[in-house]
Amino acid sequence: MRTYTPRTLAGAAIAFSLFVLTATTLALPGHAEVPATPAAPAADAATPPAAPAAAPAAAAAAPSGLPPLGQEVLAAPDSAKIAEITFVQNCAYCHGNQGSGGKARSLQCRDMKPDYLFETISNGKKRGSLVMPPWKESMDERTRWQLAAYIMSLKNLPSCTK
Amino acid sequence: MGSVRNFATRAVFGGVLAAFAVSAAPAIAEENPNDWPKYYRDDNAWRYSPLEQINKANVGKLKVAWIHQPGDIQMGLQATPIVVDGVAYYVGPNNNVFAVDGATGKTIWKYKPELDPIVETVFYVAASRGVTVGHGMVYLGSLDGRFIALDQKTGAVKWEKQITDLKSCYGCLFSSPPQLAGDILYGGTTGGDQPIQGKIYAVNAKTGEPAWTFNTINEDGKSWPGDSGKVGGGGAWLPGVYDKKTDSILIGTSNAAPDFFPDGRKGDNLYTATILNIEAKTGKLKWHYQEVPHDTWDYDSPYEIMTIEHEGKELLVHLNKGGFVFVLDKATGKPVNIWQFAQNVNWTSGIDPKTGEIKDRNEPEVGKEKTLCPYLLGVRSWNAAAYNPKTKLWYSNAMEVCNTVVAAPQEVDKVGIAGLYLGVSKLEAVPPPGGKASARLDARDPITGKVKWSVDYELPGLGSVLTTAGGLVFNGDVRGNINAYDADNGKVLWSFNAGSGIRSGPVSYSAGGKQYILVPTGLGSHAPGFMASAFPAIKGLPGGAALVAFTID
């Protein structure tokens, strides 16, 4: 079990899109199943994202406290899209379409940190009579980070700007 | 429970039971009217108590007698208590079993199994619908796949048997109490929405020795192409009933998987969405009736199978999730009538009432959004209906909700232990097109469906209905209101708010000369979460768990 240091990640989404612009496609030992296409830029486990150099303004917001896989997945532009169907198949039953509700709190328009999302998805959550099973037995780490990226994208739904 | 006592009882209850005895003598002869000895009370699955001390004239004076709390509210209280000789047996969240004095609410014993930690990792967590009492034992189907027999007097374990392995068979846990069929104890697992092969398991009730296993996935090669049957779902997640005369178990099965993407499983997908008649001694199939061949909507068939005598014939009355009530000849399993209970049905233009043919199937499609009615929770959830032989009416909750569905292939290898094998890229509960999501409690003729009365509900009733010889119908709602209705006309005669909703089976019994209405309260289960997009008011409703007994002083 890894431990993560919770960090404030204001403006994380902006930082991620900058990674997208700057990251290069690298070989990923241990993640060979992921096609290293130009559309899915990745950060090498041994090389923290090079974003700060190319984008000084975003440097402070870089999610460098996250494990490399988390950084990589959050930086990839299509992570949220990939996870959408995973969410429908595994999560929408309880969380509603696009995380709109269910008995749990809505996942939309909320500023939740990626490490919190990853931890919660991995370990599950109980509140009163409500319970979410842990997903770490059911999904690999990459999929769980992709789901975190998807839930972060729900912060920017058109309905959130009122 | 000897026959002497029964004769005395019959004298007391006069005409009702006499009439009763003629039509269903074998079932009644073993029963003490003071008890609620089985899940549906009797093998006719009526959820009818012959007690009439509490009746239309005095129900207004009904007051709380005692409250028992299991101390854990995860997934609420979903049990139907069993009451025998004044002792109530029930199960709270996470398989906590209690024996409670029916007159005082005092705990007589309690039992909590050491559960395998794997139970925390599955989709259908914590919830259990009850226990079964017989042979001096209290039987539990556990969340980690065991049948456990407890001493009825002390709660000590008499025997236990590991039946399923959750690691290799995701979701193969027991959410309902295994049932007795003479010396056979049998039960199916939950999990029709998972990539498994659901089975019904039978053991010797006295020893736990395996007797037989019935695979709800027919492996004759025709029902399931290729390997699709290996992950075809099925199972039987609610209690069946037993017909002693013919040594038959009648039990309904779950849906086929993946629920909404059927391309890989072309065929009838037997025995999913089917009523089975199984010989209890041998596990041999006597007849089957598949309500929804090649189900593509999650319209499974596990709900209560009622027996009602009609024009000299024993008929089965069975609600399928797809919104139709199937009336079958009990002897043959052939349809006698099929009537539409849901108002909003668009998955078919109708089912032939004589042949059962499903006309103009409207199936989910890949890449195309369809609104299909009823939704996957059905026109009603698993909370059972009741039948009152005095009014000859069938009382059932109903809801009118649809789901928008886009079918999609799903990689079966990626479905984890907590995952579902639904085969969708969109799934959401929505109101019927052009209308609004609604709910009601109906009183109907069980054979024809003719409505006698109907009461609107703001939110769907998720508890089973109880009816009594006192001319009453009891039904709880998700806000915790428990209502007593006049069984003849639906007039509200009494009402109480328990503070958290009803998602269980209220029962009635007599202890120390007094009749009680016993209501397990406390909202839980996954269903309210899924329906919240159609009924937003359900979102904020509190959970809970408390067994509340009512009586009249």
Side-chain angles (χ1 to χ4, degrees), chain A residues 1 33-35 78 80-110 118-147 150 154 157 159, chain B residues 72-77 93 118-127 167 170 193 258 376 403-404 406 408-411 414-430 500-501 503 522-533 536 538-545:
Chain A
M1 202 32 225
E33 79 278 13
V34 178
D78 54 353
K81 188 79 200 137
I82 292 169
E84 193 177 356
I85 187 151
T86 314
F87 188 88
V88 172
Q89 286 169 341
N90 295 281
C91 323
Y93 192 99
C94 296
H95 285 288
N97 188 43
Q98 295 190 307
S100 61
K103 284 287 283 175
R105 276 183 74 183
S106 167
L107 299 174
Q108 296 177 351
C109 316
R110 291 176 60 194
F118 180 80
E119 293 274 341
T120 308
I121 295 166
S122 299
N123 299 318
K125 191 168 180 185
K126 290 176 186 163
R127 184 167 61 82
S129 63
L130 304 175
V131 48
M132 168 165 80
W135 294 94
K136 62 171 177 280
E137 311 293 336
S138 298
M139 293 171 180
D140 61 23
E141 257 183 75
R142 174 175 298 274
T143 307
R144 283 177 267 140
W145 280 114
Q146 284 167 340
L147 283 164
Y150 172 71
L154 301 175
L157 294 173
S159 58
Chain B
D72 183 345
I73 67 167
Q74 214 179 88
M75 298 288 274
L77 206 49
I118 201 166
V119 303
E120 305 272 339
T121 66
V122 300
F123 183 81
Y124 293 105
V125 289
K167 278 194 195 69
Y170 298 161
D193 310 314
L376 63 78
N403 43 208
T404 51
V406 180
Q410 184 171 3
E411 273 177 79
K414 289 215 171 143
V415 182
I417 186 160
L420 298 177
Y421 191 35
L422 297 173
V424 288
S425 61
K426 176 157 191 207
L427 177 64
E428 185 179 26
V430 294
S500 179
R503 179 51 163 158
L523 187 62
S525 105
H526 294 326
F530 186 72
M531 59 178 66
S533 51
I538 229 163
K539 281 188 188 186
L541 298 181

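Proteins get letters first, then strands, A, B, ... in listed order; numbering begins at 1 in each.
Looking at A:Ser129, its side chain never comes within 3.5 Å of a backbone N or O of B:Gly544 through a donor-acceptor pair. When atom types are taken as modelled, the side chain of A:Lys103 and the backbone of B:Ser525 share no donor-acceptor pair closer than 3.5 angstrom.
Contacts of B:Leu376 with chain A are made by side-chain atoms alone, with heavy-atom separations under 4.5 Å and no backbone atom involved. For B:Leu422, the part sitting under 4.5 Å from any heavy atom of chain A is the side chain, from C-beta outward, and nothing else. For a residue to count as touching a neighbouring chain, one of its non-hydrogen atoms must lie under 4.5 Å from one of that chain's; by this rule B:Val122 touches chain A with the backbone only. Contact of B:Lys414 with chain A is made through the backbone alone, with heavy-atom distances under 4.5 Å. Neither the backbone nor the side chain of B:Ser533 has a heavy atom closer than 4.5 Å to any heavy atom of chain A.
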Donor-acceptor pairs under 3.5 Å, side chain of residues 84-96 of chain A to any protein atom, not counting sequence neighbours: which ones?
residue, atom, partner, partner atom, Å
A:Glu84, OE1, A:Lys81, NZ, 2.9
A:Gln89, NE2, B:Val424, O, 3.3
A:Asn90, ND2, A:Thr86, O, 3.0

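Considering every non-hydrogen atom in both B:Ile417 and A:Ser138, the closest pair reads N-OG, 3.2 Å. Across all non-hydrogen atoms, the minimal contact from B:His526 to A:Val131 is CE1-O, 4.2 Å.
Around atom CZ of A:Arg110, more than 12 heavy atoms belonging to other residues, nucleotides or ligands sit under 6.0 Å away.
Interface summary for chain A: among B:Ala532, B:Ala408, B:Ser425, B:Gly524, the most heavy-atom pairs under 4.5 angstrom belong to B:Ser425.
Counting heavy atoms from C-beta on, the side chains of A:Pro133 and B:Thr121 never come closer than 4.5 Å. A heavy-atom distance below 4.5 Å is not found between the side chains of A:Glu137 and B:Glu120.
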